[in-house]
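To start, the structure itself, in structure tokens.
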Amino acid sequence: MGLLSEGSPLNWDETKRYADHVRKHGIIQFLNIYHKVKDRQKDVLKWGDEVEYMLLSFDHEHQKVQVLLHGEEIIHELQNRGEKSNPNHPTLWRPEYGSYMIEGTPGQPYGGTMADFNTVEANMKFRRQEVFSLLKVNETICTITTFPRLGCHQFTQPVHEPKPVESGASKSLFFPDEAINKHPRFSTLTRNIRHRRGEKIAINVPIYKDRCVSSPFVEKFVNDDGEAARATKPDHIYMDAMGFGMGNCCLQVTFQACSISEARYLYDQLATICPIVMALSAASPFYRGYVSDIDCRWGVISASVDDRTREERGLEPRKHSKYRISKSRYDSIDSYLSKCGEKYNDLELTVDDEIYKQLREGGIDHLLAQHIAHLFIRDPLTLYAEKINMDDANESDHFENIQSTNWQTMRFKPPPPNSEIGWRVEFRPMEVQLTDFENSAYVVFVVLLTRVILSYKLDFLIPLSKVDENLIVAQKRDAVRQGMFYFRKDIYKAGNPVVDGCACTQNGIDLDSEEYALMSIDTIINGKTQTASESEESQMVLNILQSLNIPTSNLVMEWSLVKRLKMVRPSTLL
Ligand code: ADP
Ligand code: MG
Ligand code: MG
């Protein structure tokens with residue numbers, strides 16, 4: 001979750017009072033940054049991963065595994081032995097939502113050489129070893145996306161009983177507040193999300209039905225004041241706390257682009273890849289001790305921080321809320337940022353009109369202005385009494401307050417004020433894998449993919465509504481093998497004029513009725529193998545294309561051209 005501000009957090013009513021203040025100054029801070037660094041060029045590739053870890057405790061005698069609530073002490077020790085005693089220490093450690101969680105990153109971002117790629121796994125191994133050396137026998141550090149028994153009776157070490165009282169942070173029937181990180185930011189986030197929403201958060205995950213599961217599957221909850229009975233759905237695993245989502249672990253990659261336009265191009269291109277890599281990394285079938293019918297955490301975490309009021313969710317006519325809002329603040333992106341993305345922006349975008357105006361008048365183009373004005377429909381969730389009045393020219397806390405609590409599949413990150421850091425993009429959909437080998441493979445794959453996209457000027461863009469459909473498919477059980485995803489048929493646009501960092505569709509040759517088709521992940525990643533007759537056909541088409549002086553240097557294009565030409569004029573061509 002990044003670095004933590006220190007101070008006295010305000011409660012929801014007080015925070016709400018300052019919401020417009022935070023938004024207004026957040027935008028001023030963004031404009032100041034933008035105008036200082038909008039023309040920065042030639043920043044080199046730097047990048048880094050973020051891995052979230054769980055601490056676990058084994059009771060071999062009773063065959064029990066519990067989450068170990070020692071994250072704060074471990075972080076303290078890791079920082080003291082690491083970054084605080086040596087600025088070149090190879091690792092950085094940060095607190096995370098769960099008191100049983102910690103987050104580790106490389107000490108310095110990696111660079112763009114092959115040698116850098118080769119150090120990723122070793123750095124991850126070193127991190128694990130560093131933590132391991134601080135643990136006792138029967139304790140371990142683990143990279144699993146969800147702890148299978150999270151929220152079950154006595155799932156923590158030490159044991160705490162949940163106290164579902166109004167004065168608590170989450171009021172959960174299952175997840176004790178002691179399992180939330182002790183830093184006030186986390187309990188305040190939890191409490192303020194619940195207060196803003198007007199009720200406890202509610203997560204319902206479909207249960208996996210085998211012959212031992214009753215039909216319908218309906219649970220009764222002890223200590224329920226009626227809220228759980230209303231919120232739970234039959235045949236679903238019900239969860240009622242932020243910890244069930246934010247208490248899961250993920251794997252993220254941030255990389256620096258050479259300029260703002262390259263960052264906008266990569267943000268868009270990678271947005272289409274999010275559902276694919278999410279399904280490839282799917283690792284979370286278990287919730288609250290049950291086997292679920294999904295294998296991906298995304299929807300769970302999305303619901304776990306859904307602070308929208310009933311009016312914003314469209315459950316009641318709008319009286320007090322300013323907008324109807326279609327998604328949780330943890331969800332997929334809602335608009336592309338590059339010029340080529342514009343025509344695929346087919347999702348209805350709720351924006352704060354005042355802020356959009358403020359941005360346009362401040363010299364921001366339409367696409368970027370609507371992106372920021374969309375993020376800024378949200379309220380700040382935490383605010384510190386000491387941090388209300390900021391130096392807008394040199395600080396960005398109010399901007400970051402809203403930006404960093406829009407937890408989307410991709411994040412477009414402006415440089416921090418007065419820093420050497422360039423424009424960055426964060427890739428956020430991946431689930432964490434069990435081993436360092438796998439985690440390093442996933443992050444290296446994503447970074448290499450950005451290099452391929454840039455070198456070959458690839459174009460993966462499809463309408464954003466189709467990317468959203470893909471994201472739903474990605475979370476279904478075994479989507480990696482069975483799911484069909486919309487993907488662009490012709491991804492190769494090389495040789496076309498590059499505008500705003502991306503190559504635009506070539507006029508004339510676009511004979512396609514539809515630019516995208518449903519494909520399996522196997523086809524998307526490995527390509528399609530041609531049958532003997534298909535490859536004979538493609539050779540014929542190649543010959544024709546060559547005789548017409550149409551470039552045929554890329555196989556992907558050749559094959560999709562074969563299909564396109566076949567589709568359009570089968571009789572004349574073949
Ligand atoms: P978050 O807000 O997601 O917690 P951070 O800013 O803490 O993100 O950093 C996330 C990742 O960015 C880390 O892996 C870090 O190594 C990497 N990183 C740090 N500096 C840069 C940079 N200049 N360019 C790209 N990545 C960087
Ligand atoms: Mg982080
Ligand atoms: Mg991050």
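For T523, the side chain to side chain contact (heavy atoms under 4.5 Å, CB included) partners are M519, S520, K528, not counting sequence neighbours. Scored by the salt bridge (charged side-chain N to carboxylate O under 4.0 Å, His left out) test, D436 finds R128 as partners (sequence neighbours excluded). Partners of R378 by salt bridge (charged side-chain N to carboxylate O under 4.0 Å, His left out), not counting sequence neighbours: none found. A search for side chain to side chain contact (heavy atoms under 4.5 Å, CB included) contacts involving N118 returns nothing, not counting sequence neighbours. Every residue meeting the side-chain hydrogen bond (donor to acceptor under 3.5 Å, both in side chains) condition with W93, not counting sequence neighbours, appears here in chain and number order: T91, E130. Applying the side-chain hydrogen bond (donor to acceptor under 3.5 Å, both in side chains) rule to S284 yields the partners Y287, E431; only residues at least two apart in sequence or on another chain are considered.
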So N192 and H195, side-chain hydrogen bond (donor to acceptor under 3.5 Å, both in side chains) or not? Walk me through it.
CA-CA 5 Å; N192 288 358; H195 286 166; 4.7 Å; no
Passes side chain to side chain contact (heavy atoms under 4.5 Å, CB included), E426 versus V253? Steps please.
CA-CA 6 Å; E426 186 179 14; V253 193; over 6 Å; no
Salt bridge (charged side-chain N to carboxylate O under 4.0 Å, His left out) evaluation trace for R196 with E312:
CA-CA 11 Å; R196 190 186 187 288; E312 287 169 340; 2.8 Å; yes
Output, in order, the C-alpha distance, side-chain angles, deciding distance and verdict of salt bridge (charged side-chain N to carboxylate O under 4.0 Å, His left out) for K209 and D293.
CA-CA 8 Å; K209 283 266 181 97; D293 202 27; over 6 Å; no
Side chain to side chain contact (heavy atoms under 4.5 Å, CB included) assessment of R313 paired with D306:
CA-CA 10 Å; R313 278 177 280 149; D306 190 354; 4.0 Å; yes
Quick one: do Y330 and T405 satisfy side-chain hydrogen bond (donor to acceptor under 3.5 Å, both in side chains)? Show the steps, please.
CA-CA 8 Å; Y330 198 115; T405 52; over 6 Å; no
Show your reasoning for whether side chain to side chain contact (heavy atoms under 4.5 Å, CB included) applies to V300 and I294.
CA-CA 10 Å; V300 174; I294 60 169; 4.2 Å; yes
Check step by step if side chain to side chain contact (heavy atoms under 4.5 Å, CB included) holds for C296 and M278.
CA-CA 8 Å; C296 220; M278 184 187 287; 3.3 Å; yes
Let me see the working for R127 and D49 under salt bridge (charged side-chain N to carboxylate O under 4.0 Å, His left out), right down to the final yes or no.
CA-CA 12 Å; R127 280 180 232 169; D49 64 87; 2.8 Å; yes
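By the neighbour-count criterion of 12 heavy atoms within 6.0 Å, atom NZ of K233 is sparsely surrounded, having that number or fewer from other residues, nucleotides or ligands. In Y323, the OH atom is crowded: over 12 heavy atoms of neighbouring residues, nucleotides or ligands sit closer than 6.0 Å. Atom OH of Y18 has 12 or fewer heavy atoms from other residues, nucleotides or ligands within 6.0 Å. Around NZ of K327, the count of heavy atoms belonging to other residues, nucleotides or ligands within 6.0 Å exceeds 12.
Between T254 and K413, the side chains place a donor N or O and an acceptor N or O closer than 3.5 Å (distance only, hydrogens not considered). Looking at S172 and D240, their side chains do bring a donor and an acceptor atom within 3.5 Å of each other.
Here CD of E199 is found 10.0 Å from NZ of K171. Values are rounded to the nearest 0.5 Å. Atom-to-atom distance recorded for Y100:OH and I102:CD1 is 13.0 Å, nearest 0.5 angstrom. Once rounded to the nearest 0.5 Å, the distance linking CG of L10 with OG1 of T188 reads 9.0 Å. Taken to the nearest 0.5 Å, the CD1 atom of I144 stands 12.0 Å off from the CD atom of Q433. Distance CD1/I141 to CZ/F132: 9.0 Å, rounded to 0.5 Å. Note that the OG1 atom of T272 and the NZ atom of K466 stand 14.5 Å from one another [nearest 0.5 Å].
The shortest heavy-atom contact between A169 and I180 is CB-CD1, 4.1 Å. Nearest approach of N401 to L383, heavy atoms of both residues: ND2-CD1, 4.1 Å.
A donor-acceptor pair is defined here as one N or O able to donate and one able to accept, closer than 3.5 Å; such a pair exists between the side chain of T190 and the backbone of F186. A donor-acceptor pair is defined here as one N or O able to donate and one able to accept, closer than 3.5 Å; such a pair exists between the side chain of D346 and the backbone of S465.
Just one residue in the list L251, N123, V120 forms a side-chain contact (heavy atoms from CB on, under 4.5 Å) with S440, and that residue is V120. A side-chain contact (heavy atoms from CB on, under 4.5 Å) with D468 holds for exactly one of S326, P463, S332, P275; it is S332.
The pair E348-R324 does not meet the salt-bridge criterion, since no charged nitrogen lies less than 4.0 angstrom from a carboxylate oxygen. Using a cutoff of 4.0 Å between basic side-chain nitrogens and carboxylate oxygens, E83 and R94 are scored as salt-bridged. A salt bridge does not link E311 to K319: none of the charged nitrogens lies less than 4.0 Å from a carboxylate oxygen. Using a 4.0 Å cut-off between charged nitrogen and carboxylate oxygen, E77 and K84 do not count as a salt-bridge pair. A salt bridge is defined here as a Lys NZ or Arg NE, NH1 or NH2 lying under 4.0 Å from an Asp or Glu carboxylate O, and D307 with R329 meets this definition. Contact check on D295 versus R477 returns no salt bridge, with no Lys/Arg side-chain nitrogen under 4.0 Å from an Asp/Glu carboxylate oxygen. Between R23 and D379 there is a salt bridge, since a side-chain N of the basic residue sits under 4.0 Å from a carboxylate O of the acidic one. A salt bridge links E72 with K182: at least one charged nitrogen is closer than 4.0 Å to a carboxylate oxygen. Of the charged side-chain nitrogens involved, none lies within less than 4.0 Å of a carboxylate oxygen, so that E227 and R230 do not count as a salt-bridged pair.
The shortest side-chain heavy-atom distance between I333 and L464 falls under the 4.5 Å cut-off. Counting heavy atoms from C-beta outward, K125 and F437 have side chains that stay 4.5 Å or more apart.
Between F427 and W47, the distance from one ring center to the other does not fall under 6.0 angstrom. Centroid-to-centroid, the aromatic rings of Y110 and F117 stay 6.0 Å apart or farther. For F217 and Y290, the ring centers sit closer than 6.0 Å to each other. In this structure, the ring of F487 has its center no less than 6.0 angstrom from the ring center of Y516. A distance below 6.0 Å separates the ring centres of H371 and Y267.
Aromatic ring pairs are classed by plane angle as parallel below 30°, tilted from 30° to 60° and perpendicular above 60°; the pair F58 and H60 is parallel.
Cation-pi geometry between R288 and F174 is met: under 6.0 angstrom from the ring centre, within 45 degrees of the axis.
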